[in-house]
Amino acid sequence: ALRQAICVGFANRLARRLPRHNGFRTFNNQSVMAEVHPSSARQLADDSGLLPEWMVYHELITTTRPFLRSVCRVEEAWVGPLMPRLNDIDVARLSGGALAGEKAKAAEVVRVREEKAAEAAAAGA
């Protein structure tokens with residue numbers, strides 16, 4: 001019951017194992033390919049060395065490559081009902097438009113850089 005509650009409460013931090021190896025794809029708004037951190041993986045692997053198909057992670061850390069840390073095995077039967085709801089999430093609305101604001105700022109920075117590059121090219125021509 002506790003793992004199922006964690007699955008529902010951390011549905012935005014679900015990850016699914018890729019076929020036949022231990023790489024995972026996250027199911028959040030910025031889908032990432034990652035591995036389970038070695039400190040979290042040992043106790044979850046089965047006899048063949050494969051990790052569970054579904055898990056919830058607490059941290060996504062990046063060193064030389066991305067890792068999922070502090071993970072919890074979850075059952076596919078618990079994940080199934082959550083997936084349609086995850087697809088319908090409007091992240092911009094939930095974040096109060098913060099993500100949209102960040103994207104607008106990034107677009108403005110790119111626009112200004114392009115204008116400066118065009119001005120420099122015109123001055124050099």
Side-chain angles (χ1 to χ4, degrees):
L2 179 60
R3 288 187 304 123
Q4 188 172 6
I6 291 171
C7 179
V8 172
F10 286 89
N12 63 328
R13 293 180 184 227
L14 281 168
R16 185 176 191 179
R17 184 175 46 82
L18 300 170
R20 296 182 295 280
H21 63 81
N22 283 328
F24 282 80
R25 176 170 299 283
T26 63
F27 280 86
N28 54 16
N29 64 329
Q30 298 172 345
S31 184
V32 174
M33 297 284 293
E35 297 175 49
V36 175
H37 193 272
S39 66
S40 299
R42 287 184 211 105
Q43 65 272 23
L44 293 175
D46 63 13
D47 293 336
S48 64
L50 282 178
L51 293 167
E53 183 176 2
W54 289 95
M55 60 178 49
V56 171
Y57 61 94
H58 179 67
E59 292 179 290
L60 175 63
I61 59 171
T62 302
T63 56
T64 56
R65 56 187 190 248
F67 286 105
L68 306 175
R69 195 162 69 176
S70 302
V71 297
C72 176
R73 171 193 322 256
V74 295
E75 304 298 326
E76 186 171 6
W78 304 337
V79 174
L82 299 174
M83 294 311 285
R85 290 191 288 177
L86 290 176
N87 292 331
D88 294 335
I89 291 175
D90 182 356
V91 176
R93 183 181 64 80
L94 291 175
S95 68
L99 292 178
E102 289 173 18
K103 288 180 182 178
K105 286 179 190 174
E108 179 64 17
V109 167
V110 169
R111 187 188 64 75
V112 168
R113 284 183 186 159
E114 289 173 351
E115 285 178 2
K116 287 181 180 179
E119 288 172 6

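Phe24 places a side-chain heavy atom less than 4.5 Å from the side chain of Leu51. The shortest side-chain heavy-atom distance between Val74 and Pro52 does not fall under the 4.5 Å cut-off. Asn22 is listed as a side-chain neighbour of Arg17, based on a closest heavy-atom distance under 4.5 Å. The shortest distance between side-chain heavy atoms of Val56 and Val71 does not fall below 4.5 Å.
Through ILVMFWY side-chain contacts below 4.5 Å, Val112 is grouped with nothing and stands alone.
In terms of heavy atoms, Ser40 sits closest to Val36 at CB-CG1, 3.9 Å. Heavy atoms only, all atoms of each residue included: Arg73 and Trp78 are closest at O-CZ3, 4.5 Å.
Under a 3.5 Å cut-off, the side chain of Thr26 and the backbone N or O of Ala15 do not form any donor-acceptor pair.
Around the CZ atom of Arg113, the shell of radius 6.0 Å holds no more than 12 heavy atoms that belong to other residues, nucleotides or ligands.
Rounding to the nearest 0.5 Å places CZ of Arg13 at 15.0 Å from CE of Met55.
Both Ile6 and Phe27 are assigned to one and the same hydrophobic cluster, defined by single-linkage of ILVMFWY side chains at heavy-atom distances under 4.5 Å. Grouping the Ile, Leu, Val, Met, Phe, Trp and Tyr side chains by contacts below 4.5 angstrom, directly or via other members, places Val79 with Phe10.
Judged as a side chain to side chain donor-acceptor pair (under 3.5 Å), the pairs with a partner in residues 51-61 (not counting sequence neighbours) are, in order, Arg16-Glu53, Asn28-Tyr57, Glu59-Arg69.
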